[in-house]
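Computed from heavy atoms alone, side chains included, the values below leave out hydrogens, waters and symmetry copies. Since this is a predicted model, take the numbers as computed values, not measurements. For reference, positions follow the sequence shown, starting with 1.
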Amino acid sequence: MIRGRAVAGAVLGAMMLLGCLASSAEAAQCGSSPAGFEAWKREFSAEAQGKGIGPTALSALMQTNYASATIAADRGQRSFSLTLDQFLAKRGATTIVAKGRQLKQSQAALFASIEQRYGVPPGPLIAIWGMETGFGSQRGNQNMLSSIATLAYDCRRPEFFTDQLYAALKLIDRGTLSGSTRGSMHGEVGQTQFMPKSILAYGTGNLEVAANALNSTANFLKAHGWRAGAGYQPGEPNFAAIEAWNAAGVYQKAIALMGRQIDEGGSAAASR
C-alpha cells in the first residue's frame, strides 16, 4: 500500500512537471524585430483570455502595430546620462520654474486642497507636471497600447512591460482607456504621464484633466512614503517617494531642485 502510494505520487509529480513544461512552451516568446510580433500577439492573447481579460481588450490588442518609434526611443534615452546642470538645461528647467511659480499662485486653491489631502506641497507636483508634459502641452501622440505591447514583446524588459500590458488591458475592459488612447513613447498617458499599473493603483479620474493628474501624482507619492512637512531634497525623508516616481538619479535630483525653487522662490540656476 505504501509502495503503491509512492508510485502514484511519482506519476502525479511527473504529470505536473510535464504540465509546467507545456505551459512554459506555450508562453508567448519575446522578440527583437517586427517579424514575430503578430505570432506573439496571438499567443499572448490566448494567455490573457485564460487570465480573464475580456473581448474588448483582446480585440484592441490584436489591432496593435509594432511600434518602431517606441523601440528607437527605448534604446536612445541618453538624457539620463547627463550631468544635473546639462539635464536641467536640456529639459528647460528655468522655464518650468518660472511657469510653475505662476501656476502655484493662479491655482492656489487646487494645490492647497491637494496638500491638505495628501501632504504634498505644490513644488514637486508642479515640477513633475512641467518635466513630464510641459504642463500638458506635450502628452505624446503614440498609440498607448501598441507602445506597451511592443515593449512587452521586446526581449529587453518583457517582464516589466508584460505587467504594464495586463494593466492596460484591464483598464480597456473597464472603459478607463481604449485601444485608441494616445500617449508617450513608453505608453505613459495623461498630464503627468502615468503608466497603466500606476493608473490602476493611484489614478483618480481622467488623467488628461490636470487636477485629476495632480491629485493622482500626490496619491502616488503619499503611497510611497511621503510625509507631510518633511523635506524632499536628496537625503531627506520624502526624496524616496520621488525616487519611486522615476528611477533616473538625474531626474530625481532635478525634480527636487525645481520643486524647492518653485516652493521657496529662486531660479533654476540657483545654487545647489
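Taking a 6.0 Å sphere around CZ of R117, one finds it holds 12 or fewer heavy atoms contributed by other residues, nucleotides or ligands. For K170, the NZ atom is loosely surrounded, since the number of other residues' heavy atoms within 6.0 Å does not exceed 12.
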* **Worked verdict on R42 versus M62 for side chain to side chain contact (heavy atoms under 4.5 Å, CB included)** => CA-CA 7 Å; R42 292 191 294 271; M62 293 307 296; 3.8 Å; yes
* Stepwise, does the side chain to side chain contact (heavy atoms under 4.5 Å, CB included) test hold for D154 with F161? -> CA-CA 9 Å; D154 185 64; F161 283 102; over 6 Å; no
* Asked: So R156 and R75, side chain to side chain contact (heavy atoms under 4.5 Å, CB included) or not? Walk me through it.
  -> CA-CA 10 Å; R156 183 166 179 245; R75 303 289 191 269; 3.3 Å; yes
* To do: Test L171 against L200 for side chain to side chain contact (heavy atoms under 4.5 Å, CB included), laying out the working first.
  => CA-CA 7 Å; L171 289 164; L200 281 176; 3.5 Å; yes
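Across every non-hydrogen atom of R227 and P237, the tightest pair is NH1-CB, 3.7 Å. Considering every non-hydrogen atom in both I172 and A60, the closest pair reads CD1-CB, 4.3 Å. Across N215 and T204, no two heavy atoms sit closer than the pair CB-OG1, 3.7 Å. Here the closest heavy-atom approach between residue A213 and residue L207 is recorded as CB-O, 3.6 Å. Considering all non-hydrogen atoms of both residues, I114 and L214 come closest at CD1-CB, 3.8 Å. Taking all atoms of both residues into account, the shortest heavy-atom contact from E115 to P122 is OE1-CD, 3.8 Å.
Not a single donor-acceptor pair under 3.5 Å links the side chain of E208 to the backbone N or O of N206. Side-chain atoms of Q191 do not come within 3.5 Å of backbone N or O of T133 as any donor-acceptor pair. At distances below 3.5 Å, not a single donor-acceptor pair connects side-chain atoms of S45 with backbone N or O atoms of L58. With Q29 contributing its side chain and W40 its backbone, the two residues share no donor-acceptor pair below 3.5 Å. Side chain of S146 to backbone of N65: a donor-acceptor contact under 3.5 angstrom is found. Using modelled atom types, no side-chain atom of K253 and backbone atom of L84 make a donor-acceptor pair closer than 3.5 Å. K104 places no side-chain N or O within 3.5 Å of a backbone atom of G123 that could act as its donor or acceptor partner. Formation of a donor-acceptor pair under 3.5 Å by the T162 side chain with backbone atoms of P158 is found in this model. Of the possible donor and acceptor atoms, none in the side chain of W226 sits under 3.5 Å from a partner among the backbone N and O of Y118. Checked by atom type and distance alone, the side chain of E38 never pairs as donor or acceptor with a backbone atom of A35 at under 3.5 Å.
For the residue pair Y251 / W245, a side-chain donor-acceptor distance below 3.5 Å is found, with atom types taken as modelled.
Under the rule for a side chain to side chain contact (heavy atoms under 4.5 Å, CB included), the partners of T70 that lie at least two apart in sequence or sit in another chain are A67, S147, L151, M185. S137 meets the side chain to side chain contact (heavy atoms under 4.5 Å, CB included) test with no other residue; sequence neighbours excluded.
Taken from CD1 in I255 to CD in E132, the straight-line distance is 7.0 Å, to the nearest 0.5 Å. To the nearest 0.5 angstrom, S184 atom OG is 10.0 Å from M195 atom CE. One distance of note links CG of L61 with CD of Q49; it measures 11.5 Å at 0.5 Å rounding. Put simply, CZ on R91 and CG on L82 are 9.0 Å apart, with the number rounded to the nearest 0.5 Å. Distance check, rounded to the nearest 0.5 Å: CD1 of I96 to CZ of R101 gives 15.0 Å. The distance from the CG atom of L177 to the CG atom of L169 is 10.0 Å, given to the nearest 0.5 Å.
The aromatic rings of F220 and Y202 sit perpendicular, their planes meeting at an angle over 60°, well past the 30° parallel limit. Ring pair Y153/Y66 is perpendicular by interplanar angle, where above 60° counts as perpendicular and below 30° as parallel.
Residues V120 and N238 form no side-chain contact, since every pair of their non-hydrogen atoms from C-beta on lies 4.5 Å or further apart. Looking at heavy atoms from C-beta onward, L145 lies in side-chain contact with L165 at the 4.5 angstrom threshold. Residues P124 and D263 have side chains in contact (heavy-atom distance under 4.5 Å, counting atoms from C-beta outward). F111 has its side chain within reach of I126: a pair of non-hydrogen atoms, C-beta onward, lies under 4.5 Å apart.
Clustering ILVMFWY residues whenever any of their side-chain heavy atoms sit less than 4.5 angstrom apart, transitively, puts I148 in the very cluster that holds F160. Linking Ile, Leu, Val, Met, Phe, Trp and Tyr whenever their side-chain heavy atoms come within less than 4.5 Å leaves V209 and W129 in two separate clusters.
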